[in-house]
Colleague: 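Would you mind keeping the following structure in view while I ask a few things?
Not measured: the values here are computed from a predicted model.
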Amino acid sequence: MEDDLISKKELLDETGISYGQLYRWKRKQLIPEEWFIRKSTFTGQETFFPRARILGRVQHILQKKDDLSLDELAGKLSEPASLYRVGLTLSQLRERNIVSSISLERFGRPEIAEIQLTFEQILNLFAADWLLSKGELNWEEADRLYQKLEAHAPGYGEKGWELFFVRKMGVSFFMMALPGAGLAFDEGVRLVSRLSSADLAEQLKGRLS
């Protein structure tokens, strides 16, 4: 996700926001400075953004801007994901189409069916469902991914994590690291997907709002 960028023009076209709105939100610190990535192109310098993160953030802002002032919204958006309160059950996740029914049936244990889940628990379900929806893993791999996140994601705390899904000679592996770790792989290893908890959290916050 982190390497998947969207240009400023594509962002404005896809979301329907204006150039003025985008830079007003930047001044109000609703969109972090480091998300504005300047890159050289054949037409000169252009601005790009991390696709998943900016689309999730814009969706969140558009949903909340009529209920909160921009300053109030900036404060809420700056909260760590661990403080984001949702309290949804598996049934409510299904009703709101936040996680697909087939993933909920696969990963939603009966003993937690009507227990309100934390943001982190929902994020783990969302991550597995995300890669399944993209067709990048099979069900056995999804099971291993979900189990790995349940076991190890809490240990990363507010720093968050990045997850690397790789294959070599038909065998798949998942590796987790702190954001920005920049892992090096042996020759012949294919990086299938790279997930960032921060990118996923932005997408999820927009859907939960």
Side-chain angles (χ1 to χ4, degrees), residues 1-6 11 14-15 17 25 30-32 34-35 49-65 67-68 73-109 112-113 115-137 142 145-165 174 176 178-179 193-209:
M1 287 175 131
E2 185 73 297
D3 294 332
D4 186 12
L5 301 179
I6 185 172
L11 174 66
E14 187 166 332
T15 61
I17 65 173
W25 294 346
L30 275 74
I31 301 176
E34 60 267 25
W35 292 11
F49 303 86
R51 180 184 295 272
R53 200 173 301 185
I54 190 67
L55 290 175
R57 178 61 58 95
V58 169
Q59 179 186 22
H60 197 172
I61 294 170
L62 290 174
Q63 289 174 338
K64 290 294 187 180
K65 68 182 181 66
D67 300 323
L68 300 171
L73 188 50
K76 183 173 177 62
L77 289 171
S78 67
E79 290 181 350
S82 60
L83 298 179
Y84 201 77
R85 295 173 178 82
V86 283
L88 296 183
T89 65
L90 294 177
S91 298
Q92 290 169 320
L93 291 176
R94 180 183 290 108
E95 290 167 5
R96 296 175 59 174
N97 199 31
I98 293 168
V99 177
S100 70
S101 293
I102 193 167
S103 290
L104 289 173
E105 290 170 7
R106 181 84 175 198
F107 307 121
R109 304 188 306 275
I112 66 169
I115 296 175
Q116 292 188 337
L117 304 181
T118 66
F119 185 86
E120 290 79 6
Q121 288 173 316
I122 297 172
L123 190 69
N124 294 340
L125 288 166
F126 187 64
D129 191 55
W130 174 282
L131 287 186
L132 280 167
S133 70
K134 295 174 70 177
E136 294 189 346
L137 41 59
L145 167 61
Y146 182 67
Q147 291 165 10
K148 189 174 188 69
L149 291 174
E150 285 281 279
H152 299 290
Y156 288 88
E158 293 182 4
K159 292 180 179 179
W161 46 262
E162 283 188 313
L163 183 135
F164 300 81
F165 176 36
F174 295 100
M176 294 181 72
L178 289 170
S193 191
R194 177 179 177 179
L195 294 182
S196 158
S197 61
D199 286 352
L200 286 167
E202 284 300 331
Q203 287 281 331
L204 184 55
K205 284 182 182 180
R207 297 193 186 195
L208 291 172
S209 299

Colleague: Would you say the side-chain atoms of Q92 pair up with the backbone N or O of T89, donor to acceptor, closer than 3.5 Å?
Modeller: yes
Colleague: Checking E136 now: which residues fulfil side chain to side chain donor-acceptor pair (under 3.5 Å) with it, not counting sequence neighbours?
Modeller: S193
Colleague: So, for A142 and A128, which heavy atoms are closest and what is the spacing to 0.1 Å?
Modeller: O-CB, 4.5 Å
Colleague: Taking the side chain as everything from C-beta on, heavy atoms only, tell me whether W25 gets closer than 4.5 Å to V58.
Modeller: yes
Colleague: Search all heavy atoms of A52 against all heavy atoms of D199 and return the closest pair with its distance.
Modeller: CB-CB, 4.2 Å
Colleague: Using side-chain heavy atoms (C-beta onward) and a distance below 4.5 Å, is F107 in contact with V99?
Modeller: no
Colleague: What's the spacing between W161 CH2 and L149 CG if we round to 0.5 Å?
Modeller: 5.0 Å
Colleague: Do E202 and R57 meet the salt-bridge criterion of a basic N to acidic O distance under 4.0 Å?
Modeller: yes
Colleague: Determine the sole option in R53, R194, R51, K134 for which the salt bridge (Lys or Arg N to Asp or Glu O under 4.0 Å) test with D4 is passed.
Modeller: R51
Colleague: How long is the straight-line distance from CD1 of I17 back to CD1 of I61, given to the nearest 0.5 Å?
Modeller: 7.5 Å
Colleague: Mark yes when over 12 heavy atoms from residues, nucleotides or ligands other than L68 sit less than 6.0 Å from its CG; otherwise mark no.
Modeller: yes
Colleague: Is there a donor-acceptor contact under 3.5 Å from the side chain of D129 to the main chain of S100?
Modeller: yes
Colleague: Rounded to the nearest 0.5 Å, how far apart are CZ of R94 and CG of L104?
Modeller: 5.0 Å
Colleague: With heavy-atom distances below 4.5 Å as the criterion, would you say the side chains of L204 and W130 are in contact?
Modeller: no
Colleague: Rounded to the nearest 0.5 Å, what's the gap from CD on Q203 to CD1 on I54? Could you check?
Modeller: 11.0 Å
Colleague: Can you name the closest pair of heavy atoms from L200 and F126 and give their distance?
Modeller: O-CE2, 3.8 Å
Colleague: Would you check if L132 and I102 make a side-chain contact, meaning some heavy-atom pair closer than 4.5 Å?
Modeller: no
Colleague: Does a side-chain heavy-atom distance below 4.5 Å link L123 with T118?
Modeller: no
Colleague: Does the pair L145 and N124 meet the rule for a side chain to side chain contact (heavy atoms under 4.5 Å, CB included), with working shown?
Modeller: CA-CA 9 Å; L145 167 61; N124 294 340; over 6 Å; no
Colleague: Can you tell me how far the CG atom of L5 sits from the CH2 atom of W35, to the nearest 0.5 Å?
Modeller: 13.0 Å
Colleague: Side chains of L195 and F165: closer than 4.5 Å at any heavy-atom pair?
Modeller: no
Colleague: If you compare all heavy atoms of P179 against all heavy atoms of G160, which two are closest, and at what distance to 0.1 Å?
Modeller: CD-O, 3.4 Å
Colleague: Mind checking the CD-CG spacing from E95 to L90? Nearest 0.5 Å is all I need.
Modeller: 11.0 Å
